[in-house]
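We name chains A, B, ... by the order of the sequence lines, and we start the count at 1 in each one.
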Number of protein chains: 2
Amino acid sequence: MRNDKAPTMADIARKTGVSPMTVSRAFKSGSLINKDTRDAILKAAEDLGYVFDSTASNLRSQKTGFIAVTIPSINNANFADTVRGLSELLSAHGFQILLGYTNYDTEEEERLIEQFLRRKPQAIVVTGGKHTPRARKLLENANVPVIETWDVPAEPIGHFVGFSNADAVRSMVDHFVAAGYTRIAFIGGDASRDTRGSDRRLGFIAALSDHGLDASRLIDAGAPPISMREGANAMARLLAEYPDTEAVICVSDLSAFGALTECQRRGVPVPARIAIGGFGDYEIGGISVPALTTINAQARQIGERTGQLILDLIDDKPDLHHVTIEPQLIVRESSR
Amino acid sequence: MRNDKAPTMADIARKTGVSPMTVSRAFKSGSLINKDTRDAILKAAEDLGYVFDSTASNLRSQKTGFIAVTIPSINNANFADTVRGLSELLSAHGFQILLGYTNYDTEEEERLIEQFLRRKPQAIVVTGGKHTPRARKLLENANVPVIETWDVPAEPIGHFVGFSNADAVRSMVDHFVAAGYTRIAFIGGDASRDTRGSDRRLGFIAALSDHGLDASRLIDAGAPPISMREGANAMARLLAEYPDTEAVICVSDLSAFGALTECQRRGVPVPARIAIGGFGDYEIGGISVPALTTINAQARQIGERTGQLILDLIDDKPDLHHVTIEPQLIVRESSR
DNA sequence: CTACGGTGTGATAACGATAACGAGGCTAGG
DNA sequence: CCTAGCCTCGTTATCGTTATCACACCGTAG
């Protein structure tokens, strides 16, 4: 069954009595070739068990069909949605995504970018706008489109598709203040690694200050990604340190749900005694009892817009694109 | 800044005064080369902004460093854990994972496999043991190691690293029966696409029958993946159709949590009025109130064992490996 | 002084597809 | 009958790296 060597286009050419070039054409859609010839070639290929060799094609044509993508974590429904949006569009156009996880670490991101560039991707998508100097240099010299996502970078490397994490949280603060809450806390936002989380915390502080409110109720919950458990622990600390807190905004729905469960275990009513807000509109926030007020960051849309942008860029429309997404505040039972 | 053409090894060779072959050696660890020569070459490479070209290397050496992996969904913590286990081990050895999502559809899996094989991966990992005939044939003729995971296939294509979904559920049924429950239901397990879910339901039916109990309380919850919301809807139907049910096993923790929330909304006490069991040991099951009894399928271990197996196989130990994983029953408040 | 093993490097020829160019056949219009 | 032009296909060279073989050099043992 297993031949000594896998058949090549040359084998098909011999068998069909045409040149290798014609075999090549038979496999490309939209190339000029007689229908009978093509059918004969495809049949011969099937008979021989031929498998097209992308590696050779990639080298000669200088097109790999790869799109490199780095995300902080594979185990996060938000980033997964972005990748899905990207993936569905791009794979329909024959592209293959090279996915890498930075683990919220820019050093790891640098390593990934270096590895990916060796594969000659036709575009590279990164999450966030903070990178090591070397990573930045690699991206700038890469000679392929670079798209930063999930952020509005202060100094974009190339294109970006994102939103302001600070402004998004501000909209939630406004909601809480309008609802009459004044003693508001924030859980999460460790600055050591996750810039999106710390941007949210900064947005929280700025917004409270603008309202003339005290912005010192900040509970650290450890390095990202923050688990539900860490959210619960943070809520326990919050209730101990600032017992008169009326509302709390968590860096994500996951930590928010963890915080909610801590209240449930202690018999603290939500929102009657304390209101809770999350971030990311994860499925759990919509179904928990009570359901969680949150912000939909349009993760999927980020992916779709990024994918469309890449298709445009590869299709040779080399304008610079700065796409700003509008996150949506979703008010649910946990804050009313 | 951007040169007309990216520098190649030949450029480095010219600049350093050595042959391209020596440049190539400088980039391979463990190859015979003078230290000073190597340092000079690496410095020249850095100066020129050289980026190694894997595509050429892959073609010549007939090694791509790719490992193809298909999973049903990117947005599932269990499969994500498996991929993480795989990824961490393999990327440390210089491999790059090609990840694809079948969306629980074997037709889509077939398309993915065909695409992946063109990239000449050095191993291919698939989730589950059910494939289209053509996909099976492609895998059999692929001439690279094939590993099926998350299942114990009736007729393995090559290697596998998995567990019996039916037996895993049986252990939970035994637990419920030992705890005194007799009117037990099952939510999920639509057979149209997800074989693991339907295997679990079959295991449920078989186990109940062995205990001499009625196994007709089966609630369909739609095509996989089953959301929390669908779990909630299924619980509503269960309470309506079989109001005297004492316990319910759900196809996953996500649907189990959804079911739990439905009980909370209706004021049905868990487990006093109805006990709930899930599957997969997702984070939510450990923190919800009450915490969920579940089965840890050792998702991460599946990935790690698969990764180690691949390393062994590529390192030329071509024995056939059938690795059986032991899922663990975790009893929590929702069933006691 | 010859033999020999280890080290470091170079020359050559691929790996398998396809870009670029061009040639032959055939139809249509003059 | 001739030329223009389209369709179909072949020839040649090449993408950038590396497997392979060859060989020069050095030190040491016999």
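Residue side chain A:Arg25 reaches the base of D:dG10 through a donor-acceptor N/O pair under 3.5 Å, judged by distance alone.
For B:Thr22, a side-chain nitrogen or oxygen approaches OP1 or OP2 of C:dG10 to under 4.0 Å. Taking 4.0 angstrom as the limit, B:Thr55 places none of its side-chain polar atoms (N or O) nearer than this to OP1 or OP2 of D:dC15. Proximity of A:Ser61 to the phosphate of C:dT18: no side-chain N or O atom is located under 4.0 Å from OP1 or OP2. The side chain of A:Tyr50 places an N or O atom within less than 4.0 Å of a non-bridging phosphate oxygen (OP1 or OP2) of C:dA17. Distances shorter than 4.0 Å separate none of the side-chain N or O atoms of B:Thr8 from OP1 or OP2 on D:dG16. Distances shorter than 4.0 Å separate none of the side-chain N or O atoms of A:Ser57 from OP1 or OP2 on C:dA17. Contact annotation: A:Gln62 side-chain N/O to C:dA19 OP1/OP2 distance is not under 4.0 Å.
In this structure, A:Ser54 reaches neither bases nor backbone, as no heavy-atom distance under 4.0 Å exists between it and the strands shown. Backbone-only engagement by A:Met9 is indicated by non-hydrogen atom pairs under 4.0 Å involving sugar-phosphate atoms exclusively. Nucleic acid contact class of A:Phe27 (heavy atoms, under 4.0 Å, all strands): none. Within the 4.0 angstrom heavy-atom criterion, only backbone atoms of the sugar-phosphate kind lie near A:Ile33; the bases stay farther away.
Residue A:Arg60 contributes atom CZ, which lies 7 Å from atom P of D:dC15 at whole-angstrom precision. The interatomic distance linking B:Lys35 (NZ) with C:dG8 (P) rounds to 12 Å, in whole Å. D:dG16 atom P lies 13 Å from atom CD1 of B:Ile12, rounded to whole Å. Distance, A:Asn34 CG to C:dC26 P: 13 Å, rounded to whole Å. In this entry the distance linking NZ of B:Lys63 with C1' of C:dG16 reads 18 Å, nearest Å. Rounded to an integer number of Å, the gap from CZ of B:Arg118 to C1' of C:dA17 is 12 Å. When rounded to the nearest whole Å, the span between CG of A:Asn58 and C1' of C:dG16 equals 11 Å. For the pair B:Leu59 CG and C:dA14 C1', the interatomic distance rounds to 9 Å; values are reported in whole Å.
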Handout entry: Criterion side-chain contact (heavy atoms from CB on, under 4.5 Å) on A:Ile325 and A:Trp150, from CA distance to verdict
Key = CA-CA 9 Å; A:Ile325 300 287; A:Trp150 274 88; over 6 Å; no
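Among pairs with a residue in residues 9-24 of chain B, those fulfilling side chain to side chain donor-acceptor pair (under 3.5 Å) read B:Asp11-B:Arg14, B:Ser19-B:Thr22, at least two apart in sequence or across chains.
Remark: B:Arg84 fails to qualify as a cation-pi partner of B:Phe79 under the 6.0 Å distance and 45° angle criteria applied to the six-membered ring. Judged by the 6.0 Å and 45° rule, B:Arg118 forms a cation-pi pair with A:Phe52.
In terms of position along DNA chain C, the nucleotide closest to B:Val18 lies nearer the 5' end than the nucleotide closest to the other residue of the pair A:Lys28 and B:Val18. Map B:Ala56 and B:Leu32 each onto its nearest nucleotide of DNA chain C; the residue landing nearer the 5' end is B:Leu32.
There is a side-chain donor-acceptor pair under 3.5 Å between B:Thr55 and B:Asp53. A donor-acceptor pair shorter than 3.5 Å cannot be found between the side chains of A:Glu148 and A:His159. A donor-acceptor pair shorter than 3.5 Å cannot be found between the side chains of A:Glu108 and A:Thr102.
Ring-centre distance between B:Tyr50 and B:Phe27: below the 6.0 Å cut-off.
The terminal axes of the helix from C:dC1-D:dG30 to C:dG30-D:dC1, fitted over 5 pairs per end, subtend an angle of 50° to the nearest 10°.
Proximity note for A:Met21 (side chain, C-beta onward) versus C:dA17, D:dC9, C:dA19: the nearest is C:dA19.
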